[in-house]
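Contents: one structure, followed by commentary.
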Amino acid sequence: MSTNNPELKRQVVAIYKELLYLGREYPLGFGYFRPRLHKAFMAKASESDPDKIRQGIAQAEYVKKEIEALYYLKRYRTLRKRYDADA
């Protein structure tokens, strides 16, 4: 990544940290999630075009929303199973 734009670098590091945090509860485990996340970010590490970096950040935000949706679905199913068993 280009070092001449510290704001983009800050955004990339922030989304990486957020995804790492979300990966702690990934269904296949953190050991499965972390290497794949790292590989995905390292594949774009040499990118220097600010527009492509912004596109990568947008893609990472999309993945973040998908992971959050996965967790909400897991939580919903757990609660539903718990309450349907009582009925």
Side-chain angles (χ1 to χ4, degrees):
M1 180 191 325
S2 175
T3 56
N4 59 1
N5 196 337
E7 178 60 26
L8 283 178
K9 183 174 183 175
R10 187 196 61 76
Q11 289 176 2
V12 169
V13 170
I15 191 70
Y16 182 77
K17 286 181 179 182
E18 289 175 22
L19 287 170
L20 267 180
Y21 180 78
L22 287 174
R24 293 181 311 141
E25 298 295 323
Y26 197 73
L28 296 175
F30 189 68
Y32 176 87
F33 184 83
R34 187 191 175 282
R36 283 163 178 73
L37 177 66
H38 183 74
K39 184 179 176 184
F41 271 77
M42 290 309 292
K44 306 256 183 178
S46 63
E47 191 61 59
S48 60
D49 181 25
D51 291 330
K52 288 189 178 181
I53 294 171
R54 286 187 190 94
Q55 287 175 350
I57 292 170
Q59 184 179 4
E61 289 287 344
Y62 177 79
V63 169
K64 178 181 149 190
K65 288 178 185 175
E66 289 291 317
I67 292 171
E68 287 173 343
L70 176 72
Y71 293 158
Y72 288 132
L73 181 62
K74 179 181 174 185
R75 181 177 169 209
Y76 168 77
R77 287 179 176 165
T78 301
L79 289 172
R80 183 168 177 178
K81 191 186 309 180
R82 206 175 284 164
Y83 287 109
D84 282 349
D86 293 341

Exercise for review: Kindly determine whether Leu28 and Phe33 satisfy side chain to side chain contact (heavy atoms under 4.5 Å, CB included), including the steps that lead there.
Suggested key: CA-CA 7 Å; Leu28 296 175; Phe33 184 83; over 6 Å; no
Other residues, nucleotides and ligands only: do more than 12 of their heavy atoms fall within 6.0 Å of CD on Glu61? yes
Applying side-chain hydrogen bond (donor to acceptor under 3.5 Å, both in side chains) to Gln59 and not counting sequence neighbours gives none
Exercise. Checking Arg24 against Tyr21: charged group under 6.0 Å from the ring centre and within 45 degrees of the axis?
Worked result: yes
With sequence neighbours left out, the residues meeting side-chain hydrogen bond (donor to acceptor under 3.5 Å, both in side chains) with Gln55 are none
Pro35 and Gly31 have their tightest heavy-atom pair at CD-O, 3.1 Å
Output for pair (Ile67 CD1, Glu25 CD), nearest 0.5 Å, gives 12.0 Å
task = Any chance you could lay out the side chain to side chain contact (heavy atoms under 4.5 Å, CB included) test for Leu8 and Ile57, step after step, and finish with the verdict?
result = CA-CA 9 Å; Leu8 283 178; Ile57 292 170; 4.1 Å; yes
Rounded to the nearest 0.5 Å, the CZ atom of Arg54 sits from the CG atom of Asn5 at a distance of 6.5 Å
Here the side chain to side chain donor-acceptor pair (under 3.5 Å) pairs for residues 68-79, sequence neighbours left out, are Tyr76-Arg80
NZ (Lys64) and CD1 (Ile15) are apart, to the nearest 0.5 Å, by 5.0 Å
Nearest heavy-atom contact between Phe30 and Leu20 is CE1-O, 3.5 Å
Looking only at heavy atoms, the pair that brings Val12 and Ile53 closest together is CG2-CG2, 4.0 Å
